[in-house]
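Working notes for the structure below.
Quantities reported herein were computed from a predicted structural model and do not represent experimental measurements.
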Amino acid sequence: MSIQQSDVLYTAVATAENGRDGRVATDDGQLDVVVNPPKAMGGSGAGTNPEQLFAAGYSACFQGALGVVARQESADISGSTVTAEVGIGKNDDGFGIIVKIAAAIPNVDEATARALIEKAHQVCPYSKATRGNITVDLAIA
């Protein structure tokens, strides 16, 4: 379900210069990075790239959603980590991305961990935004 502009609590603002081979910065100066295509795609790899930035945001957001779900379920997720792998490759329309989310949750059994990440996938805003648009695989790390 979509939110309305009146429901927005925070808006992030970032500006890119020169696309995938330039610079991206946020309006508050907290993020200001050089972006370059990775070596695997013929670039210099000297800076970060959009896929790394997406992976960082998705993993942080998913970890937050996991915390929300864990509190609701009274599950101990202390010491847990979430890793997002974002792949880019050619598809029929040019390029597309695929994501793998792997969660390591040391203080619960595998069945509980799997249930928690499935529930987190339902509430994570990144998961909601990508649902039906890209493949997102969930895994226990």
CG-CG distance between Leu53 and Leu31, expressed to the nearest 0.5 angstrom: 6.5 Å
Between Asn133 and Thr130, a side-chain donor and acceptor under 3.5 Å: no
Test item: side-chain donor near acceptor, Ser78 and Asn107, under 3.5 Å: yes
Minimum side-chain heavy-atom gap Asp137-Val99 below 4.5 Å: no
Flag side-chain contact, heavy atom, 4.5 Å: Val35 against Val24: yes
Side-chain donor-acceptor pair present, Gln63, Thr81, cut-off under 3.5 Å: no
Value rounded to 0.5 Å, distance of NZ in Lys119 from CD in Glu73: 3.5 Å
pair Asp21-Pro37: side-chain heavy atoms closer than 4.5 Å: yes
Heavy-atom side-chain proximity of Val136 to Tyr126 below 4.5 angstrom: no
Rounded distance (nearest 0.5 Å) linking atom CD1 of Ile97 with atom CG of Asn91: 10.5 Å
Side-chain heavy atoms of Thr26 within contact of Val13, under 4.5 Å: no
Pair Val82-Tyr58, side-chain contact (heavy atoms from CB on, under 4.5 Å): steps then yes or no: CA-CA 9 Å; Val82 173; Tyr58 203 161; over 6 Å; no
Main-chain N/O of Thr83 paired with Ser59 side-chain donor or acceptor, under 3.5 Å: no
Pairwise side-chain contact, Leu66 with Ile77, heavy-atom cut-off 4.5 Å (strictly under): yes
Test item: Ile140 and Ile117 side chains (from C-beta on) under 4.5 Å apart, heavy atoms: yes
Distance in Å, Gln72 CD paired with Leu116 CG, rounded so as to fall on 0.5 Å steps: 10.5 Å
Side-chain (Arg71) to main-chain (Gly67) donor-acceptor, under 3.5 angstrom: yes
OG1-CG distance between Thr15 and Asp27, expressed to the nearest 0.5 angstrom: 7.5 Å
Donor-acceptor contact present, side-chain Asp7 to main-chain Gln4, <3.5 Å: yes
Between Thr48 and Gln52: side-chain donor-acceptor atoms closer than 3.5 Å: yes
Separation between CG of Leu138 and CD1 of Ile101, rounded to the nearest 0.5 Å: 7.0 Å
Glu110 atom CD: more than 12 heavy-atom contacts under 6.0 Å: no
Close side-chain approach of Arg20 and Pro50, heavy atoms under 4.5 Å: yes
Hydrophobic cluster membership, Phe54 vs Ile98, 4.5 Å side-chain cutoff: no
Main-chain N/O of His121 paired to Arg131 side chain as donor or acceptor, under 3.5 Å: yes
